[in-house]
Amino acid sequence: MTESSNGRTKPAVQRRVIVMRHAKAEQVGSSDFDRTLSQRGVGDAEEVGRWLVAQGLEPDHAIVSAAVRTSQTWESVAAAAGWDDVADYDDALYDAGPETALDLMRETPDHARTLMVVGHNPTMGYLAQLLDDGDGDEEAANELATGYPTAAVTVFDFEGDWSDLEEQCATVRAHHVGRG
């Protein structure tokens, strides 16, 4: 239960957060921002999309770094999952640290129940560790602690308003690394 602005308690809203690092990218591009996914990266991202569907997950809001490789990751995940390719492409997420990423997540519309964030390391790995309250799936948390390779995705449960996101506020439910 949470307290509303009128002082009454209201039931806390159950939400889900999906944090993902972009899939494998080519080493060279006209700039770092413009690097594209490798063939392996496309396959890995598609595998993540199929895995998310098998888990019964579909975001109703997505924040994606505007860099080419993250945009292509989202497009490949969404296509393989059969989702509409609608996301907020955000320039700020490209070079954001974990606190800035959290700030962007706090701006998620209230109607959204499942948020997916697709970005870059080290931020996505730090963000996943930052959100973890330590009470979730032990195996998934152990996998998360070993690193955050390309096409890594972590699923969290979170209770409350998006504006309430903070350190150690979400429970790890699953962790997966796409390898297509």
Side-chain angles (χ1 to χ4, degrees), residues 1-5 7-23 44-45 47-65 70 73-74 77 81 83 87-88 90 92-179:
M1 301 293 255
T2 59
E3 190 171 309
S4 66
S5 58
R8 296 183 185 168
T9 56
K10 60 181 181 175
V13 178
Q14 295 294 323
R15 301 188 192 273
R16 191 144 283 160
V17 178
I18 304 167
V19 174
M20 182 178 182
R21 180 181 177 192
H22 65 78
D44 292 351
E47 195 278 331
V48 168
R50 292 187 294 273
W51 180 83
L52 289 168
V53 167
Q55 303 302 306
L57 298 169
E58 180 176 356
D60 46 15
H61 189 76
I63 305 169
V64 179
S65 163
T70 45
T73 297
W74 166 253
V77 168
W83 304 331
D88 287 341
D90 198 311
L93 192 55
Y94 171 68
D95 58 2
E99 287 299 327
T100 300
L102 264 178
D103 287 343
L104 293 169
M105 294 166 66
R106 290 178 183 123
E107 296 173 9
T108 300
D110 285 340
H111 66 82
R113 294 292 179 257
T114 301
L115 167 66
M116 185 163 177
V117 181
V118 183
H120 310 268
N121 250 12
T123 299
M124 292 300 101
Y126 289 150
L127 180 63
Q129 292 177 352
L130 187 77
L131 289 170
D132 184 8
D133 64 8
D135 293 333
D137 182 285
E138 189 173 325
E139 183 178 333
N142 288 340
E143 289 176 27
L144 172 62
T146 64
Y148 220 71
T150 57
V153 61
T154 309
V155 179
F156 296 91
D157 285 340
F158 167 69
E159 190 173 288
D161 294 328
W162 292 115
S163 60
D164 297 331
L165 274 172
E166 60 185 34
E167 293 182 24
Q168 300 177 335
C169 71
T171 303
V172 174
R173 290 296 170 221
H175 179 78
H176 178 74
V177 177
R179 294 293 180 247

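Heads up: numbering here begins at 1 and tracks the sequence.
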T171 and D157: side chain donor to acceptor below 3.5 Å: no

Stepwise side-chain hydrogen bond (donor to acceptor under 3.5 Å, both in side chains) check, H22 with S65: CA-CA 9 Å; H22 65 78; S65 163; over 6 Å; no

Passing option when M116 is tested against R16, M20, E58 for side chain to side chain contact (heavy atoms under 4.5 Å, CB included): M20

Plane angle bin for H176 and W51 - parallel if under 30°, tilted between 30 and 60°, otherwise perpendicular: parallel

Closest contact, heavy atoms only, P149 versus R179: CB-NH2, 3.8 Å

Distance-minimising heavy-atom pair for W162 and D110: CD1-CA, 4.4 Å

Worked verdict on R113 versus V13 for side-chain contact (heavy atoms from CB on, under 4.5 Å): CA-CA 8 Å; R113 294 292 179 257; V13 178; 3.4 Å; yes

Once rounded to the nearest 0.5 Å, what's the spacing between atom [atom1] of [X] and atom [atom2] of [Y]?
X: H175; Y: F156; atom1: NE2; atom2: CZ; answer: 9.5 Å
X: Q129; Y: Q168; atom1: CD; atom2: CD; answer: 11.0 Å
X: T154; Y: L127; atom1: OG1; atom2: CG; answer: 9.0 Å

Within 6.0 Å of CD in E99, more than 12 heavy atoms from elsewhere: yes

Atom OH of Y94 with >12 non-hydrogen neighbours under 6.0 angstrom: yes

